[in-house]
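Let me begin by presenting the structure, written as structure tokens, before commenting on it.
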2 protein chains.
Amino acid sequence: MGLSRERIVGAAIELLDTDGERGLTFRALAARLKTGAGAIYWHVTNKDELLIAATEAILTGAARPRAGTPEDTLRAIALGVFDAVDEHPWVGTQLTRMQAQPALLRLSESIGRQVQLLGVPSAAGFDAATALLNYVLGVAGQNAALAGSIEPGTIRGEVLGTMAAEWEALDPEEFPYLRSVAPQLRDHDDRDQFLAGVDLVLAGMATLRGVPADPPRRARPDVPSGHGPSQ
Amino acid sequence: MGLSRERIVGAAIELLDTDGERGLTFRALAARLKTGAGAIYWHVTNKDELLIAATEAILTGAARPRAGTPEDTLRAIALGVFDAVDEHPWVGTQLTRMQAQPALLRLSESIGRQVQLLGVPSAAGFDAATALLNYVLGVAGQNAALAGSIEPGTIRGEVLGTMAAEWEALDPEEFPYLRSVAPQLRDHDDRDQFLAGVDLVLAGMATLRGVPADPPRRARPDVPSGHGPSQ
DNA sequence: ACATCTCTGGAACGCCGTTCCATCCTGGGG
DNA sequence: CCCCAGGATGGAACGGCGTTCCAGAGATGT
């Protein structure tokens, strides 16, 4: 059983998923592949390239345009990234840390094209597409940071409960708002909230075309949905 | 001249600004402060705490609410973060990597409060405030990633020119959109584009209140402006 | 059979964050 | 005035990291 780039990337993904970003080490990788660290460098030039390849493997196809209105396609694209990051938090870190990543280019292309189809004037269209991209990347980064700060195996609701408790314990003088929304934080749904943000940006785009914006919907759209188009 | 937490944080900021995130090392810090690495640990418990303290030092006051309409205040808050990250790119990395950061809490509070003042209904208000925060953080992270990938000293326009050339050299089949907007990328203004994104989100929020949204403005608002409230 | 070339894996290098500890300095009690 | 406890210092050392180096194993073509 020889080494190969695919085997290496696969093992790297397993390591990243189970042990987090700090778990990916050339030594750990070599141990898992029953080889030496040096051998890996024959197939992969360095750790950054390995991380990019792993991100690529997860995100391939997550940004594929589908039939439907541009709005629905944009929601589907954004959800694809969200679900991939949800399942593999390290992808969020990667997306927000390295530019010149093929996956990022494809994502920009998909979003930009749909925004064009939306009928946003060209000049504002670039800004609008960039804004949506940055929102998606922001959520991805925050989710990754959150996942990285908790030990793997923690229940999601538990984390939110802890955080909500912290918000409620803040100084009432300085943080009245955060205290007031702590209950909403406790039982919100990350995915729904993400979608609400996408709809918010889409509603903003609608005003750019002079269209009387119907208020963005809160319910999740009829999109492939069911968490996780990735891998 | 004894050590002190302030002297250490100050030297850390200098190191981060001049040599980037990889330039902050306890050894380099010790050399600059003419002491040993061990002495630093008497005043600072570890590197994460040092990074948080440095971020705090830069961002203090950048999220301070001002008089004016909630929209203008939100623009001012967002610009404060943008300018701080523009001047100290490592702040962007920090903001998107570590949760439980005091600066992040303050930013959330400031944004959330203004969104409440905007009259967005409470349920949607939390989502809307989170969306704006995530957009700001997304831009911050991208700016940091971009700054980290280029050697310090490079001219900004030069970087954009190089990136635009890369976009123009992409496969016409796969990336028609990116190729078409490459000229806009070349001579856009990051700050203006950031503001356009903020306005886009604000326009979306306006639809949540059922207000007939006037199209978001493109020109920069009358905000302290002049790059950099930070430090 | 041999020479060649791909591929392997373990040792070694330099750097990192962090810990340990001998030592220095200073100020308050005898 | 001495002394000494404890805060503060700084250099050495530890374990781990990414990466490089290189001796050699295995296949391949002649």
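As a basis for the values below, the full set of heavy atoms in this structure was taken, side chains included, without hydrogen atoms, waters or symmetry mates. In what follows, chains carry the letters A, B, and so on, assigned in the order in which the sequence lines appear, proteins first and then strands, with residues in each chain numbered from 1.
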- Query: Shortest non-hydrogen contact from A:Ala182 to A:Trp167?
  - Reply: CB-CB, 4.0 Å

- Please report, rounded to the nearest Å, how far the C1' atom of D:dC21 is from the CZ atom of A:Phe26. 16 Å

- Message: If I take atom CG in residue B:Asp19 and atom C1' in nucleotide C:dC16, what distance separates them, rounded to the nearest angstrom?
- Response: 16 Å

- Do NZ/NE/NH1/NH2 and the carboxylate oxygens of B:Asp86 and B:Arg156 come within less than 4.0 Å? yes

- Pairwise side-chain contact, A:Pro89 with A:Glu21, heavy-atom cut-off 4.5 Å (strictly under): no

- Derivation and outcome, salt bridge (Lys or Arg N to Asp or Glu O under 4.0 Å), residues B:Glu173 and B:Arg179: CA-CA 10 Å; B:Glu173 294 289 323; B:Arg179 285 170 55 94; over 6 Å; no

- Atom-pair distance (CH2 on A:Trp42; P on C:dT8), nearest Å: 9 Å

- Message: So B:Leu29, base contact, sugar-phosphate only, or nothing? Heavy-atom distance under 4.0 Å.
- Response: nothing

- Message: Of the listed nucleotides (D:dT19, C:dG17, D:dC17), which one gets closest to any side-chain atom of A:Thr25?
- Response: D:dC17

- Any idea which of C:dT18, C:dT8, D:dT19 is nearest the A:His43 side chain? C:dT8

- Query: Charged N to carboxylate O under 4.0 angstrom, B:Arg5 versus B:Glu49?
  - Reply: yes

- Query: Taking CZ from A:Arg22 and P from C:dC16, how many angstroms apart are they, rounded to a whole number?
  - Reply: 17 Å

- Task: Identify the residue among A:Val115, A:Val198, A:Val201 that makes a side chain to side chain contact (heavy atoms under 4.5 Å, CB included) with A:Leu74.
- Result: A:Val115

- Item | Distance, rounded to the nearest Å, where A:Leu24 contributes CG and D:dG16 contributes P | 17 Å

- Message: Using five pairs at each end of the helix from C:dA1-D:dT30 to C:dG30-D:dC1 to define an axis, what is the angle between those two axes, to 10°?
- Response: 30°

- Tested for side-chain hydrogen bond (donor to acceptor under 3.5 Å, both in side chains) against A:Glu56, the lone hit among A:Arg106, A:Gln94, A:Gln101 is A:Arg106

Hey, what are the protein-to-nucleotides 19-24 of chain C N/O distances that come in under 3.5 Å?
none

- Message: Rounded to whole Å, please give me the gap between CD1 in A:Ile40 and P in C:dT8.
- Response: 10 Å

- Query: Rounded to whole angstroms, how far apart are CD on B:Glu21 and C1' on C:dC16?
  - Reply: 16 Å

- Query: Is a donor-acceptor pair below 3.5 Å formed from side chain B:Arg27 to base C:dG17, judging by atom type as modelled?
  - Reply: yes

- Query: What is the distance from CG of B:Leu3 to P of D:dA8, rounded to the nearest Å?
  - Reply: 10 Å

- Flag side-chain contact, heavy atom, 4.5 Å: B:Phe194 against A:Asn134: no

- pair A:Phe82-A:Asn143: side-chain heavy atoms closer than 4.5 Å: yes

